[in-house]
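So the structure is just underneath, and the comments pick up after that.
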Amino acid sequence: MGLFNMPTVVNNVETLANLPFIADSGGQAYAAIGTDRSKGTKLVCLDGHFNQPGLVEVEMGTPLRTVIDELGRGFRKPIKAMHIGGPLGGLVPVSKIDELTIDFDSFSKAGFLLGHASIVCIPEEYPLIEYLGHLFEFTAHESCGKCFPCRLGSTRGKEMIQKAKDGNYKMPKELFSDLLEALEIGSLCALGGGLPLPVRNALLYFKEELGPYFE
Amino acid sequence: MEQTAYINGKSYPVIQGETILSFVRRHLGKDLVPTLCDAPNLEPYGACRVCSVDVSLSLGGPAKSQASCHTPVIPNSHIQTDSERVQRLRRNIVELVLTDHPLDCLTCEVNNNCELQSVAARVGIRSVRYPEGANHLDRKKDLSHPYMTSDLSKCINCARCVRACDEVQGEMVLSMAGRGFDARIIKGFDNSFAESDCVSCGACAQACPTSAISDIFESKSVSADKKIRTVCTYCGVGCNLEVAVSHNAVKSIQAPYDAAVNQGHTCLKGRFAFSFYNHPDRLRTPLIRKNGTLTPASWDEAYEYIANELTRIKSEYGADSIGAISSARCTNEENYLMQKFVRAVIGTNNVDSCARVCHSPTALGMQRSFGTGAATNSIVDLKYTDCIMVIGANPTDAHPVTGAKMKQFAMKGKTTIVIDPRRTELARYATYHLQLRPGTNVALLDMLLYYIVADGLENSEFIKQRTEGYEDFKKHILGLNVADLEQVTGVDRNLVRAAAQAYAKAPNAMSFHGLGVTEHSQGSYTVMLIADLAMITGNIGRRGVGVNPLRGQNNVQGAADMGCQPHQGAGYLDAYDPEINKVYSAHYGVPIPIRKGLKIPEMYDASQQGKFKALWLMGEDIVQTDPNTNLVISALKEMQLVVLQEIFFTETCKYAHVVLPAASFLEKSGTFTNGERRIQRVQQVVSPLEGTRSDGQIMVDIMNKMGFAQPDYDPSIVLEEISRVVPFFAGVRWEELGENGKQWPVNAEGQDTEILHTDTFKRGLGKFHFFDWKETQEILKHGKTYPYIITTNRELEHYNNGTMTRRTNNAKILSEDYLLIHPDDASRHFIAEGDLVCVESARGKVDVKARITDEVKPGVLSTTFHFPEVLMNTITSSEKDSEAMCPEYKVVAVNIRKSKGKHLTTA
Ligand code: SF4
Ligand code: SF4
Ligand code: SF4
Ligand code: SF4
Ligand code: FES
């Protein structure tokens with residue numbers, strides 16, 4: 001239910017920030033920027049692992065490489081993956097950089113999510129299992145608790161990973177994939193539903209690093 | 001064109017906007033898709049996700065899993081209810097649920113009737129694969145409450161209980177505290193049922209799919225031999241009950257979801273207050289007064305004694321020295337037999353019923369205005385109306401299931417007008433509360449009518465087509481002095497005007513009224529003015545409108561329908577009309593008297609004058625409940641024979657010559673007619689307690705004893721007899737009443753009627769009546785000496801004089817009467833909360849405990865009369881409605897002072 005129990009539009013600041021340009025120059029001009037299916041510009045937030053961190057505005061369709069090398073002036077230290085698009089965005093291994101452009105199609109075709117396009121880097125030496133544990137913990141912490149898969153599943157995932165990290169426990173692969181599927185297709189909102197994407201990316205691209213934690 | 005969608009490959013018609021779940025269930029039954037958080041009487045919620053199905057927009061196209069309970073059907077979509085994927089999803093969700101659930105099914109109270117259990121079995125869980133983790137298994141049981149229990153270690157967080165409390169009852173006691181994994185059900189401010197504001201309706205327990213919230217009767221356990229559907233014995237709402245019986249004893253009660261009246265809801269009286277029925281205090285043998293003491297006797301002796309006495313009194317003093325008071329708590333069939341006994345066997349029209357002391361002005365007033373003395377519409381109309389006006393009624397306490405619906409209505413911000421001297425619960429949510437001085441209803445309604453006329457808000461078309469007497473009426477109305485009326489009622493005229501406009505301008509407006517309308521010296525007039533309001537605005541004859549009395553007792557409507565009043569026989573036919581007399585005589589096979597009969601107050605007067613010698617009472621405790629107790633007692637003392645059918649030894653038993661132990665509603669069959677004219681089947685649930693007989697059988701026995709052949713009591717046979725004499729029962733057959741009964745009139749073909757007066761009024765044209773407000777004699781005579789006004793009210797937990805409810809755990813929830821008094825008045829008399837207050841009227845004094853509250857205005861007091869410790873009617877007067885003789889319980893002039901408690905148990 002929205003405000004006064006009525007349907008309610010909630011816009012983020014990025015959307016509102018686009019209004020002056022559209023008001024000034026018209027919709028046509030705005031639509032002329034960007035790609036066919038992702039029009040306009042995108043704000044990209046670069047984290048402290050870049051030589052030049054900060055917020056940049058790029059035209060949709062700009063190569064990811066350009067953003068990293070030219071606007072961010074490259075990484076400060078060795079990075080193995082980037083979490084792009086927020087906590088529920090995809091986990092992009094550095095090997096994929098050249099295949100991606102900043103637009104919705106490019107990311108989703110490659111199995112990622114542009115989301116709000118922030119880029120959080122995961123350094124080479126940072127254990128991915130920690131990162132996955134953190135993702136589940138984040139979801140468990142943010143979960144409103146209404147729907148069963150997310151309320152229970154985020155905590156169970158967090159606990160399993162913790163146990164696996166502590167040793168003496170290996171996560172059953174089938175159970176883990178059942179959990180991800182339940183979260184993904186069963187959750188009521190994008191929080192529980194979004195968690196599996198980065199986790200699956202990690203399992204796909206960092207099989208070896210994560211393998212020992214599974215049965 | 002009709003739209004369709006596919007379920008598992010087959011196409012079915014879709015109703016616009018329906019959910020996938022209801023679409024699937026409508027076509028393929030309840031069991032195709034499992035659910036956990038969904039419940040029949042709650043809004044879709046979408047928490048558990050086990051109802052997920054796969055939906056694709058084209059055959060074989062990409063499928064998306066969607067929770068069916070809260071997703072609308074997309075026309076032409078393909079729904080797979082059992083794809084591999086959704087089966088796996090359901091299993092995986094339920095497995096997660098079981099990671100936080102004690103696996104002690106075998107010892108659980110709902111074993112075999114647990115939705116979690118059956119869904120788990122259905123989706124095929126064999127083990128829980130997750131390692132042990134955080135859980136809620138250590139949540140403590142809550143056994144603090146006389147009825148409600150909880151063991152939240154069994155909670156699955158489906159929020160059905162929360163929604164039941166919010167959406168069905170409207171009490172907001174339960175909530176989900178915390179977020180994420182920590183989310184948990186709490187009561188009130190995280191306390192217990194006992195400490196919370198819970199009103200014990202039991203809706204949450206019935207909604208809960210596990211044993212996490214339940215009740216002391218374990219109503220969800222399967223340990224019953226059978227379940228029998230019957231009708232609540234308490235109020236006029238007429239809720240259907242499903243009674244679980246084990247070894248010929250009532251185990252517990254639930255509410256059927258398919259009940260037209262209550263849709264799975266009840267109040268605590270219907271659901272929990274049944275244990276009176278086999279209470280040790282139940283009367284189990286007839287009693288005859290011998291040498292001044294009531295002594296156990298056999299049924300034969302009792303009947304012999306009564307028959308002899310009645311014959312003697314009849315021959316010595318004539319048939320008109322005998323009379324009877326029937327009971328609005330008994331079945332239609334029993335009431336019918338009672339009046340038949342009085343008219344056909346004794347030979348007098350001296351028969352009345354307790355409807356006299358509550359809704360007789362409604363019957364009379366509405367008959368004069370419309371031609372029929374019954375609710376014009378049905379409670380379901382609350383769904384279709386835009387405005388409700390509730391006058392002199394406190395439905396959340398006295399008609400709780402209907403009250404809950406009204407509260408929901410008001411809470412949604414829909415226009416609600418409450419006219420009541422007390423700030424009732426509904427008044428707190430109302431758009432307009434017109435808090436008038438008790439006894440000024442007529443003045444206030446005149447003001448409302450004045451503004452409708454003066455502001456040109458009348459419905460001229462309706463007035464022209466359907467009514468008469470308007471021009472005269474209008475003249476009178478416009479002649480009113482509103483400033484005077486404002487003074488009299490104490491209600492700001494602008495507020496009255498705003499309410500008048502809201503009512504008149506609403507596309508559909510319904511009015512409801514209770515005993516705060518009828519139990520006044522101008523009660524019948526008030527009813528007719530309410531009818532005026534409906535007619536002047538055209539609010540008659542369609543959905544969501546009308547004049548709707550809220551009946552106090554379960555069968556007030558029926559007792560009157562069956563002819564338990566002197567001037568009208570069964571079916572309201574004029575008992576004093578020679579032509580009709582012929583019909584009745586032919587029907588009963590004996591000559592029926594045409595002489596005028598006595599109404600209840602007239603019986604007391606006649607007794608004092610030595611003209612009335614024998615009174616038969618069917619379950620009426622007139623000493624405690626009729627006004628002016630001392631007068632009632634002295635009238636009883638004058639009589640030579642007082643026969644009482646009762647289930648408990650009441651105050652009135654002390655004055656009886658013969659007491660006959662009757663059976664309760666759980667022990668007999670028959671029909672009750674609720675406040676919306678719905679004739680419903682009461683079914684015997686357990687056999688009568690040893691030594692007792694149903695009131696119907698008692699009537700039959702005595703009729704036969706006195707030489708009138710009447711077959712043994714069987715409701716279907718009596719009902720058949722009734723259908724031959726009561727025109728609006730023409731097509732009523734026991735077998736055809738079904739689960740939800742029928743609303744009269746029922747024509748010969750068995751077709752019933754939801755809404756009255758749709759095309760014409762029963763009397764042809766609706767009649768406008770005008771009345772000026774008159775101060776009651778009570779105030780005129782005694783107002784100087786006794787400057788306060790006391791009125792009476794009800795509490796949810798108890799029913800009338802509490803004979804039944806006091807013998808249940810309801811007494812643990814509320815155990816005494818109290819006096820509502822405004823803080824200003826309290827401090828003037830140095831009265832503190834809980835102090836005993838001596839309330840004195842011109843008739844007598846009683847002591848009641850004070851509850852200080854601004855629910856009442858200064859100068860106005862209010863009290864309940866549920867407990868015999870305070871015989872409240874010691875102070876009420878013999879003033880009554882000028883037309884229907886309904887006593888004026890609602891206005892008594894009194895004085896108050898702090899008391900030492902001398903007048904606690906009078907009588
Ligand atoms: S998925 Fe969304 S709705 Fe469900 S518990 Fe998580 S936050 Fe709440
Ligand atoms: S019994 Fe009724 S009032 Fe009490 S918590 Fe349950 S639903 Fe709410
Ligand atoms: S107490 Fe029962 S109804 Fe309420 S959330 Fe828990 S399981 Fe559901
Ligand atoms: S609302 Fe009335 S009929 Fe319904 S359960 Fe309560 S007392 Fe009985
Ligand atoms: S029944 Fe649909 S989500 Fe629970």
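This is a predicted model, so every value here is computed, not measured. Naming convention: chains lettered A, B, ... in sequence-line order (proteins, then strands); numbering from 1 in each chain.
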On a heavy-atom basis, the closest approach of A47(B) and K146(A) is CB-O, 3.2 Å
Applying a strict 4.5 Å limit to non-hydrogen atoms, the region of A67(B) in contact with chain A is neither
Okay, P172(A) and chain B: the region with an atom under 4.5 Å from a heavy atom over there is neither
Whatever's closer than 4.5 Å to a heavy atom in chain B on L183(A) counts as neither
Hits for side-chain contact (heavy atoms from CB on, under 4.5 Å) against C189(A), two or more places apart or cross-chain, chain-then-number order -> L191(A)
Between C147(A) and R49(B), the two heavy atoms sitting closest are CB-CD, 4.0 Å
Of all heavy-atom pairs linking Y169(A) and P131(B), the shortest is OH-CD, 3.3 Å
In the structure I gave you, are the side-chain heavy atoms of F181(B) and S154(A) within less than 4.5 Å of one another anywhere? no
Among residues 81-102 of chain B, those lying within the under-4.5 Å heavy-atom range of chain A are R85(B), R88(B), L89(B), N92(B), I93(B), E95(B), L96(B), V97(B), T99(B), D100(B)
#### Entry: Check: H70(B) and L188(A) side chains under 4.5 Å, non-hydrogen atoms
yes
Applying a strict 4.5 Å limit to non-hydrogen atoms, the region of K163(A) in contact with chain B is side chain
If one checks every heavy atom of C37(B) against chain A at 4.5 Å, the contacting part turns out to be neither
Turns out that what part of S187(A) lies under 4.5 Å from chain B's heavy atoms comes down to backbone
Cut-off 4.5 Å, heavy atoms of chain A, and the answer for I156(B) is both
